[in-house]
Amino acid sequence: MGNEKNTCPIWGTPVESVGNYFDKSDYVVVGSPRTGGDYEIAVDAIYLGKVGDLAPAHKAKLTTFLIESRRRDKRRPLVTYDIVKQATLTDPLPVSVRAERLLRYLVGKANHVGHSFVTAEMVEDARALGWSESSEPGEVVYFLQYLMKQGWLEGSMNGYCTITVPGHAQVAEQARKTDSSQCFVAMWFDDSMDDVYEKGIKKAVEDCGYTPMKINEKQHFNKICDEAIAEIRRSRFVVADFTHGPDGARGSVFYEAGFAHALDRPVIFTCRKDHEEKLHFDTRQYPHILWKDEDDLYTQLRHAIRALSVDHKAEPALP
């Protein structure tokens, strides 16, 4: 890192320290306000991925990845070359969601109900930039003005601002309602479906700016059905693939799709085209994405998710 010690490799902003592991070449970055906290970064991300040379908008999306990873796992996330590349391909969060993320940050930062912030300081706050996926302070100004118009903040851009009671209620309601960044994936857990998930579903979900949750990949100590229900409650929408093997339809997929419907979560139905005649009458009434291979699934699913995202801009949910 040379003369770049004690600066964030992503943003070039001051950090508490940057050091190496003794047993590997990854760097440990401690105390980086611009990325919301500590993280690790692989050498290939710095020198091959040229993370410091990314466009500010791509750095902002990478920052969202770091903040969300810490929020979900409570651990120090690792930035690799592949993650840097993914950040350049992922769509930014919807603007309304970015504004509400800023509101959530302010609620967490407040020392007490009625706490007043110096508005100008919030505009320059590195963590506020990170939480709102902003590239520069002018975007934070825009979001603060939006929050004031919504009645969630009161005050002025030239003085102080305070979170209103409706503002606190908005954060509480949306935090309870869904995780705007998560998509629950219900499908057949079979080796033959690995590429379908990795190259079709997962890639489409991530390229649209969301995080896929496939329950068999989550580490937990509870019953898997309980974990699935909890994650569906947290998710913005569900992708349910009804492809199955010779032993018949996957009951868990029907259950999870039905539970999502009961919660009024959007469900995107998919199925391999040569299984169309095997679709059960309970779900045949819904339009399905009928795919030929993982590339076809990726293309169709990405269009469906992007259309769904537009619908949800009017009803943003906080991650």
Side-chain angles (χ1 to χ4, degrees), residues 10 34-36 39 45 49 51 54-73 77 79-105 128-136 139-140 142-143 146 174-175 177-185 197-214 217 231-232 234-240 260 265-268 270 289 294 297-319:
I10 300 171
R34 187 63 182 83
T35 61
Y39 66 94
V51 69
L54 291 177
H58 293 328
K59 292 182 180 182
K61 290 184 290 184
L62 183 56
T63 297
T64 295
F65 161 78
L66 291 171
I67 290 173
E68 290 305 295
S69 295
R70 278 189 296 267
R71 187 184 66 81
R72 287 194 304 271
D73 301 330
V79 178
T80 63
Y81 170 76
D82 288 339
I83 288 173
V84 173
K85 184 178 179 181
Q86 187 65 44
T88 67
L89 299 174
T90 300
D91 291 339
L93 292 173
V95 173
S96 54
V97 172
R98 292 168 61 192
E100 289 193 336
R101 285 171 61 87
L102 177 59
L103 178 62
R104 178 171 182 153
Y105 166 69
L129 286 161
W131 271 83
S132 60
E133 199 174 272
S134 295
S135 302
E136 50 91 22
E139 292 183 285
V140 179
Y142 175 82
F143 292 135
Y146 169 83
Q174 296 296 349
K177 183 180 178 183
T178 65
D179 177 341
S180 68
S181 68
Q182 181 165 291
C183 160
F184 186 87
V185 179
Y197 175 69
E198 292 290 336
K199 299 178 182 179
I201 297 174
K202 181 180 179 182
K203 189 172 186 293
V205 169
E206 290 181 339
D207 284 1
C208 289
Y210 296 95
T211 302
M213 163 52 68
K214 186 162 164 269
E217 295 185 345
E231 293 300 338
I232 292 170
R234 293 186 64 242
S235 298
R236 164 79 73 166
F237 62 97
V238 171
V239 173
R265 302 288 189 269
V267 179
I268 300 176
T270 69
I289 291 175
E294 53 265 24
L297 175 57
Y298 166 78
T299 300
Q300 294 193 63
L301 183 56
R302 189 166 189 265
H303 286 314
I305 295 171
R306 288 174 67 87
L308 190 67
S309 299
V310 171
D311 293 340
H312 277 267
K313 285 184 181 180
E315 297 179 7
L318 279 174

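Closest approach of Ser134 and Val140 over heavy atoms only: OG-CG2, 3.8 Å. Nearest heavy-atom pair across Leu54 and His58 is CB-CB, 4.2 Å. The two residues Ala45 and Val84 come nearest to each other via the heavy atoms CB-CG2, 3.9 Å. Minimum heavy-atom separation, Tyr146 to Ala99: CD2-CB, 3.5 Å. Nearest heavy-atom pair across Gly36 and Arg70 is C-NH2, 3.1 Å.
Cys183 contributes atom SG, which lies 11.5 Å from atom CD of Glu231 (distance to the nearest 0.5 angstrom). One distance of note links NZ of Lys85 with CG of Leu62; it measures 15.0 Å at 0.5 Å rounding. We find the CD1-CG distance between Ile201 and Leu301 to be 6.5 Å, quoted to the nearest 0.5 Å. Atom CG of residue Leu102 and atom CZ of residue Phe143 lie 8.0 Å apart, to the nearest 0.5 angstrom. Atom-to-atom distance recorded for Leu129:CG and Arg34:CZ is 4.5 Å, nearest 0.5 angstrom.
Side-chain contact check for Ile67 versus Thr35: every heavy-atom pair is 4.5 Å or farther apart. Contact check for Asp207 versus Arg302: side-chain heavy atoms found under the 4.5 Å cut-off. Using a 4.5 Å heavy-atom cutoff, the side chains of Arg98 and Glu139 are in contact. No side-chain heavy atom of Tyr81 sits under 4.5 Å from any side-chain heavy atom of Val51. The closest side-chain heavy-atom distance from Ile305 to Arg236 is not below 4.5 Å. Side-chain contact between Val267 and Val239 is absent, with no heavy-atom pair separated by less than 4.5 Å. When side chains are defined from C-beta on, Arg265 does not count as touching Ser235, because their heavy atoms never get closer than 4.5 Å. Side-chain contact between Phe184 and Val238 is present, with heavy atoms from C-beta onward closer than 4.5 Å.
Remark: Lys203 does not engage Glu294 in a salt bridge, criterion side-chain N to carboxylate O under 4.0 Å. We find that Glu68 and Arg101 are joined by a salt bridge, their nearest charged nitrogen and carboxylate oxygen being less than 4.0 Å apart.
Put simply, the side chain of Lys61 never gets that close to the backbone of Pro92: no donor and acceptor are under 3.5 Å apart.
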Item to complete: For Ile10 and Tyr39, run side chain to side chain contact (heavy atoms under 4.5 Å, CB included): C-alpha distance rounded to whole Å, both residues' side-chain angles, the deciding distance at 0.1 Å, then the answer.
Response: CA-CA 11 Å; Ile10 300 171; Tyr39 66 94; 3.7 Å; yes

Discussion item. If you apply the rule side chain to side chain contact (heavy atoms under 4.5 Å, CB included), what do you find for Met213 with Val185, and how did you get there?
Written reply: CA-CA 6 Å; Met213 163 52 68; Val185 179; over 6 Å; no

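In the model, Glu133 has a side-chain atom that pairs as donor or acceptor with a side-chain atom of Thr64 under 3.5 Å.
Cation-pi geometry between Lys214 and Tyr197 is met: under 6.0 angstrom from the ring centre, within 45 degrees of the axis.
For an aromatic pair to be called close, the ring centres must be under 6.0 Å apart, and Phe237 with Tyr210 satisfies this.
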